Structure formats: structure tokens, C-alpha cells
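Each chain gets a letter, A, B and so on, in the order the sequences are listed, and its residues count up from 1. Just so we're clear, the structure is a prediction, and the values are computed from it rather than from any experiment.
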Number of protein chains: 2
Amino acid sequence: MPDAYYLQLTEQLRHLITQHAAQWEGKLPAERALAERFSTTRVTLRQALAQLEGEGLIHRSNRRGWFISPARLMYDPTRDAGFNDYVRAQGRQPRTAVLQLESRAHLPAARALNLPDDHVFHHIRRRRYVDDRAVLAESLWVVPERAPELLSIYASQSLWGLLRERWGHHLANRSISMVSEALSPGDAEELFVAPGTAGLNICRAIFDDQQRPIEYDEEHWLHDSLCIRVELSGQQ
Amino acid sequence: MPDAYYLQLTEQLRHLITQHAAQWEGKLPAERALAERFSTTRVTLRQALAQLEGEGLIHRSNRRGWFISPARLMYDPTRDAGFNDYVRAQGRQPRTAVLQLESRAHLPAARALNLPDDHVFHHIRRRRYVDDRAVLAESLWVVPERAPELLSIYASQSLWGLLRERWGHHLANRSISMVSEALSPGDAEELFVAPGTAGLNICRAIFDDQQRPIEYDEEHWLHDSLCIRVELSGQQ
DNA sequence: CAGTGGTCTAGACCACCCA
DNA sequence: GGGTGGTCTAGACCACTGT
């Protein structure tokens, strides 16, 4: 069926990668070396690599080369479990870098939380790692009335833990949306990948048990880094 | 920031497309024409088009050209609403083509439903359209004990409607997983797109209120055709 | 500084779609 | 049968990475 050479190449590379994964220590040989080994051009070789990238088998670190992708992280966006907890529960190592703390308005957050367009939020921007690979760039927009001194006390711990323990909020109602995307140049740079790399965008609007808006967040994941999982019981 | 020419091209094309959408009737001019208009090569032009494809703004119909993508379909995989119902509710036109009806074993279904590896299922393979664009290829694996004569009476209606009305099943517990994927050559062909086109794979295992397995399904969506939406209330 | 990936050129051939 | 998109070649230059 696959008569195009780059599709045959894709299969050969797939086998090569699974066989030599250990010996290469996760990093593929240089493109020119691979192209020569298969007697083809870099263009065609890159077409095959792009296929495997789309499948989630390998990924690129911008200008540093091709790497074998680790197993996907299981993630249930409907649960309250903090990032650190569920990453560790899967035997992986979480890490967080806080990129920005500020207060300002944000239209999508205002719209999603049914607040005036110019409402000001506490904004936390952070980058999250799994096993030292940056996989997630996210922005949190917290309603300041619910967590007044947030920005002065926040330091990369669990936000939902804080909201629960310090301010006694119960995250009861949530509206979640997920779409595939191409990472914006900004998001791509923060995750050290090439612009336009495939990503998954997850947005959540969260309200308490009295329908008061609490928080809105925008997550940009590398597309190959996660598997969304939702378990539900009870009739819908 | 975007000094690469193909990224500038991406922006120019984005504007061109939004302006001329109506006049072009959804189909972009030929690649050679566009490349000439921007004084570049087809390779670079295609790189820019691929960016817009990743964003979901345009898509390809295999060997027929580039088309402007319609608005994403909102889809809540946690609900029981039938495809026809929720597509119509969004003012769109649903259509279904049944591709295959058979009985056979399927390992992933058996595993997901906690049945023996060689358990035989009723298998329904179908293609679903929204406004005459094929957007979904799916396989349903129904436990025959729950719907014995399914294959002889099924004809593209709502499967969940049938299960409920004819056999009185309540779809109570479900386990859902979603991952981005590159469409397999087979799935791509069924959806009339190029092999390796970005897709979204959704799998569901469904049990009744007594935890008896009912059905397992595998969905392959074009990545730009939908927006997953989940609304939840109550604490998790 | 050497080598790498990212980008780009200027062609070519073929299978397939559509008129 | 003409034109299209899909594929492929054989180069090139540059910015950046890692040493």
C-alpha cells in the first residue's frame, strides 16, 4: 500500500528506532547521517521523521535534534489532582518553572467566567516538565476576589491546593474544552520546540458550588506528551 | 520574531484566506499560482500551508487541493447524544455511511471490556460526515450477548438509541481516552485525506449500571473538525 | 569553531482529478 | 488530456548548539 518512498522510510526508521533506542540514549543520529544511510535527501528523510513525529514516536528539540518520545502521561482534566501528584503517581519526575506573576485583564478568561471584559485577574504563567522535558506551558487567571494576596505568596506549589486550603474554595463546576493546535511562536519558544509544532490546547473555567467564578486556565501541551483519560459513572 | 519567510507567508495567507473565503467558495487557488503570487517555491509555500493546516484553518482533500476548514463541531464524548442529534443541534448536516458489518474478535476491545482475548464482537465500521465533509471513521465493537441480532437490523441509525430502546440498556459507566495521532493509511483513505494527516483518536469502553460490558468504540477524527467540550458539576 | 538543524531554491516526474 | 497535488533530487546558506 505505501508506495511512496518516505512511507517505506517511515517504517524502516520505526524499526531502527525501537531497536537502537537504548544505544542511542534517546537521541537520533544526525539527519545527514540518516539520509546517507538510506541513500536519500534530507528533504525526504525529514518527511519520514515528520510522520513519526505526528504519531508521537519522536519529537524535536529546536535546533538540537530528534529525540525518542517517552511514554505519554495519563491526564484527567476533570479531576482536581495537582500536576505534581499525578506525575509522581505515574513514576515520573515533575518540575515547574514560574515564568510570570502579574495582574491584568484577559478577555477569554472574562468571557469564560461571565465577568466584565475588563475584569482584572491574577495571572500566573508557568512551564511544567516531566522527567526534565518541558511539555506544558500554561496560564492561570484567578479571580482576585477569591484569592486576594495570591501573587505575593505563590511560589510554584499546587494552585488548587492553595485555593482549597487557604481560602476554602470548593471547585465544583467546570467547563472544559480541548482542541488540537499548532503552537504559537511564543508557546513554542517557551517549550523549546520549533514554531508550529503540534500541540493540544485545554481550557478550563472553574466555579465553586455556588456558581461563583474562581479561575480560568489555558494549557498548551506538546501533542505527543499526554493521553487524556476520563472515567465516568452514572447516567448522563 | 518570525523572520523565516514561510512564517511571514503564513500570516499573509491567513489574511488572504479570510478576505477571499467567499469568492473562492472554500477552495484555495492552485499551489503553483500561490507560489508565483508570492514569488517563492512550492516547497516554501507548502510549508506555510502546512502551518495553517496545523492550526485547523485549512485542510487538504487528497490530490484535490486545499480547502478552508469550516467551524469545529462541538462534541462531548461523555454524553449519550447521538451523532445525528448533536450535529443537527449545531445547525449542521450529518450523514453516515456504513462500511462494514461483521462478527470477529478484537484484542483492544476485549482488553478494554475485561473479556477474554478471543471474545467475538459485532463489528460496525462507519464513516460520518458533517456538511458533506468526511470527518470521522469509527469502529464499534458491541458485545453480542447484549444485542444478539444487531447486525441483521442495523442500518446507520443511532446505535445507542437502539441499545436503549430495543434492549433496554443503560449506558452508565464509561472509560474514555483521547490521544492525538497521525491517521493510518487505511483511516486516511477512508476519510479521503493524505496518509499521516493529523487526527484525534478517541476510544470508549462502556458498561451498564451493573458493570456489564456493552460496547467499545474507536473513533478517528480529522484533527481540525472538532472541539471537545465537557461540562461537569459536583466535586470530583 | 565545527557540525547541526532550519530554511530555501529551482527544478523534475508521476498519479490522479476533473473537464 | 491538461492541470493538479504528491513526491523527490541536489544542492545552498544561515543561525544556532555544543565543545
Check your understanding: Under 3.5 Å, is there a donor-acceptor pair between the side chain of T96(A) and the main chain of R128(A)?
Key -> no
Review point. Is the shortest side-chain N/O distance from T44(A) to OP1 or OP2 of dT9(D) below 4.0 Å?
Key: yes
Check your understanding: Would one find a side-chain N or O of Y6(A) under 4.0 angstrom from OP1 or OP2 of dT7(D)?
Key -> yes
Study note, to complete from the structure: note: E31(B), atom CD; dG11(C), atom P; distance rounded to Å ~ 18 Å
Exercise for review: Respond yes when some side-chain nitrogen or oxygen of T40(A) is under 4.0 Å from OP1 or OP2 of dT9(D), and no when none is.
Suggested key: yes
Practice item. Please say which of E190(B), Q100(B), E218(B) ends up in a side-chain hydrogen bond (donor to acceptor under 3.5 Å, both in side chains) with R125(B). Key: E190(B)
Practice item. Can you label the angle between the Y86(A) ring and the F83(A) ring as parallel, tilted or perpendicular, going by 30° and 60°? Key: perpendicular
Point to revise | Atom-to-atom span, CG of L7(A) to C1' of dC8(D) - whole angstrom | key: 13 Å
Exercise for review: Whole angstrom is fine here: how far is it from CG in L28(B) over to P in dG3(D)?
Suggested key: 20 Å
Point to revise | Nearest-Å distance for atom pair CZ/C1', residues F192(B) and dC17(C) | key: 14 Å
**Study point:** Residue-level proximity of residues 52-68 of chain A to DNA chain C when a heavy atom falls under 4.0 Å
**Key:** R60(A), N62(A), R63(A), G65(A)
Practice item. Find the distance L49(B):CG to dT4(D):P and express it as a whole number of Å. Key: 15 Å
Check your understanding: Does atom CD of E36(B) have more than 12 heavy-atom neighbours, drawn from other residues, nucleotides or ligands, at distances under 6.0 Å?
Key -> no
Review point. Is S225(B) reaching over with its side chain to a backbone N or O of L222(B), donor-acceptor style, under 3.5 angstrom?
Key: yes
Revision key, fill the gap. To the nearest angstrom, the CD-C1' distance between Q51(A) and dG6(D) comes to 12 Å
Check your understanding: Under 30°, 30 to 60°, or over 60°: which ring-plane class applies to F67(A) and H59(A), parallel, tilted or perpendicular?
Key -> parallel
Review point. Atom CG of L45(B) to atom C1' of dG5(D): distance rounded to whole Å?
Key: 12 Å
Review point. In whole Å, what is the span from the CZ atom of R42(A) to the P atom of dG3(C)?
Key: 15 Å
Practice item. Take K27(B) and V43(B), find for each the nucleotide of DNA chain D with the closest heavy atom, and name the residue whose nucleotide sits nearer the 5' end. Key: K27(B)
Exercise for review: Please determine which of E219(B), Q90(B), R229(B) meets the side-chain hydrogen bond (donor to acceptor under 3.5 Å, both in side chains) test together with Y75(B).
Suggested key: E219(B)
Check your understanding: Do R32(A) and dG5(C) have a side chain to base donor-acceptor pair shorter than 3.5 Å?
Key -> yes
